Number of protein chains: 2
Amino acid sequence: MSAADTRQQIVEAADKLFYEQGFETTAFADIAAATRLSRGNFYYHFKTKDEILAAVVALRLDRTRQMLDHWRERACGPRDALRSFAQMLIANREAIMRHGCPVGTLCAELAKLDHGGLAQATDVFVLFRRWLAEQFVALGRAPDAHDLALHLLMRSQGIAALANAFGDETFIRREVAAIEQWLDSECPVIAADPAE
Amino acid sequence: MSAADTRQQIVEAADKLFYEQGFETTAFADIAAATRLSRGNFYYHFKTKDEILAAVVALRLDRTRQMLDHWRERACGPRDALRSFAQMLIANREAIMRHGCPVGTLCAELAKLDHGGLAQATDVFVLFRRWLAEQFVALGRAPDAHDLALHLLMRSQGIAALANAFGDETFIRREVAAIEQWLDSECPVIAADPAE
DNA sequence: GTCTATACGGAGATAGAC
DNA sequence: GTCTATCTCCGTATAGAC
């Protein structure tokens with residue numbers, strides 16, 4: 001197998017394990033078992049565990065960009081795009097109830113560890129925030145688009161946190177519905193807008 | 001120093017460290033340094049680290065009960081009591097920006113570790129949820145008091161998570177104001193209610 | 001009740017054979 | 001590029017002196 005392929009395998013396995021078990025808990029032995037590589041072999045591809053973390057965050061940034069592009073392309077206008085964001089909570093409900101939000105839990109862990117990679121990890125949040133703000137700008141809310149984006153992000157984090165703690169699927173669905181209601185009240189459909 | 005005092009000191013130091021650094025990251029050596037006790041001496045008071053965690057959670061449950069009682073006693077009616085809950089985010093903003101919500105981050109960490117103490121830790125959430133629901137019942141929202149309580153808890157978690165990631169104090173204040181607006185819209189002041 | 005000394009396991013990391 | 005063997009450090013936990 002080529003070095004690039006092996007590297008990719010390691011990063012993907014680490015991504016999964018960091019989400020499911022957390023960064024610190026995940027040992028090289030765990031990633032080794034998942035990739036069926038020997039422990040020592042890791043050091044050919046990554047010098048330290050922090051390098052693996054950086055690669056995982058880079059992977060998540062890439063995937064998030066792709067997902068956001070995809071949502072925008074597929075949606076009928078910005079309001080529909082925003083709904084995609086909310087619906088993500090329902091689509092990923094099983095994983096969220098078990099492991100929380102991948103972005104939020106990683107940021108929280110790195111903040112506690114006082115880890116240098118925190119800034120990189122929050123960049124994933126920034127990616128979401130900017131994208132959300134763009135949709136609100138397109139809906140004519142340019143002045144407070146940033147605040148509205150943070151509000152939506154805040155709700156998604158709160159929902160993920162409680163869903164993780166209580167494991168209550170009904171709660172997720174109810175709160176996603178509440179988000180959609182909030183969207184409609186904040187950005188009412190106007191007759192002049194043909195895309196809506 | 002009596003055994004009970006020493007035990008209390010250990011638990012309080014552990015409480016602080018678990019909040020600031022996380023449960024797993026905190027080593028006995030850290031607690032030893034904070035309490036100025038020798039490492040070996042811990043095992044007279046606690047057989048395992050998990051026992052310390054259980055004691056910390058019990059301490060937090062006690063303190064939460066006291067705080068909730070205090071809020072209720074001090075408040076002019078249930079609406080005012082609910083405002084105390086929201087204001088807690090502003091009062092504790094410095095700690096929240098640095099370390100997140102003590103309850104939420106502990107639950108998230110224990111969920112990732114698949115730790116048996118998770119249920120106990122979520123009991124702190126349950127305490128808040130019940131108390132919040134009681135206030136909503138008092139405001140005449142008995143049918144959906146439980147849902148409203150979870151919604152408020154959700155918001156507090158989302159605010160804490162993003163405040164931790166972004167370190168934005170303005171964001172906290174804005175969202176607390178939004179919560180108070182939401183309270184007024186969900187439970188409008190009625191003339192027949194003398195306490196309000 | 002409090003201390004020192006120490007066993008034990010598991011983590012990250014390195015060296016060198018293949 | 002991948003492996004095995006090995007090193008060191010650190011965390012939990014125990015034993016026993018004082």
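Computed from a predicted model, the values in this text were never measured in an experiment. Chain identifiers are assigned alphabetically (A, B, ...) following the order of the sequence lines, protein sequences preceding nucleic acid strands; residue numbering begins at 1 within each chain.
Taking the side chain to side chain donor-acceptor pair (under 3.5 Å) definition, one finds that A:Asp69 meets it with A:Arg72, sequence neighbours left out. Take B:Arg174 and apply the side chain to side chain donor-acceptor pair (under 3.5 Å) test, not counting sequence neighbours, and it matches A:Asp147.
Under a 3.5 Å cut-off, the side chain of B:Trp71 and the backbone N or O of B:Ala81 do not form any donor-acceptor pair.
Rounded to whole Å, the distance from CD on B:Glu51 to C1' on D:dT12 is 13 Å. We find that CZ of A:Phe42 is positioned 13 Å from P of D:dT4, with the value rounded to whole Å.
Sorted by first then second residue, the salt bridge (Lys or Arg N to Asp or Glu O under 4.0 Å) pairs that include residues 32-57 of chain B, not counting sequence neighbours, number zero. The list of salt bridge (Lys or Arg N to Asp or Glu O under 4.0 Å) pairs with a residue in residues 116-133 of chain B, not counting sequence neighbours, is empty. Applying the salt bridge (Lys or Arg N to Asp or Glu O under 4.0 Å) test to every pair with at least one member in residues 88-104 of chain A, sequence neighbours left out, gives these pairs: A:Arg93-A:Glu169. For residues 53-65 of chain B, the set of pairs meeting the side-chain hydrogen bond (donor to acceptor under 3.5 Å, both in side chains) definition, not counting sequence neighbours, comprises B:Asp15-B:Arg60, B:Asp15-B:Arg63, B:Asp62-B:Arg65.
Residues from residues 106-115 of chain B with heavy atoms under 4.0 angstrom of DNA chain C: there are none.
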Contact pattern, 5' to 3', of nucleotides 12-18 of chain C - B, S or - by protein heavy atom under 4.0 Å: SBB----
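In this structure, A:Thr6 reaches the D:dT2 phosphate: one of its side-chain N or O atoms is under 4.0 Å from OP1 or OP2. Using a 4.0 Å cut-off, no side-chain N or O of A:Tyr44 falls inside it from OP1 or OP2 of D:dT2.
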Please list every donor-acceptor pair under 3.5 Å in which a side-chain atom of residues 20-29 of chain A meets a protein atom from a residue at least two apart or in another chain.
| unit_1 | atom_1 | unit_2 | atom_2 | d |
| --- | --- | --- | --- | --- |
| A:Glu20 | OE2 | A:Lys16 | NZ | 2.9 |
| A:Gln21 | OE1 | A:Thr26 | OG1 | 3.4 |
| A:Glu24 | OE1 | B:Thr25 | OG1 | 3.2 |
| A:Thr25 | OG1 | A:Gln21 | O | 3.1 |
| A:Thr25 | OG1 | B:Glu24 | OE1 | 3.3 |
| A:Thr26 | OG1 | A:Leu17 | O | 3.4 |
| A:Thr26 | OG1 | A:Gly22 | O | 2.7 |

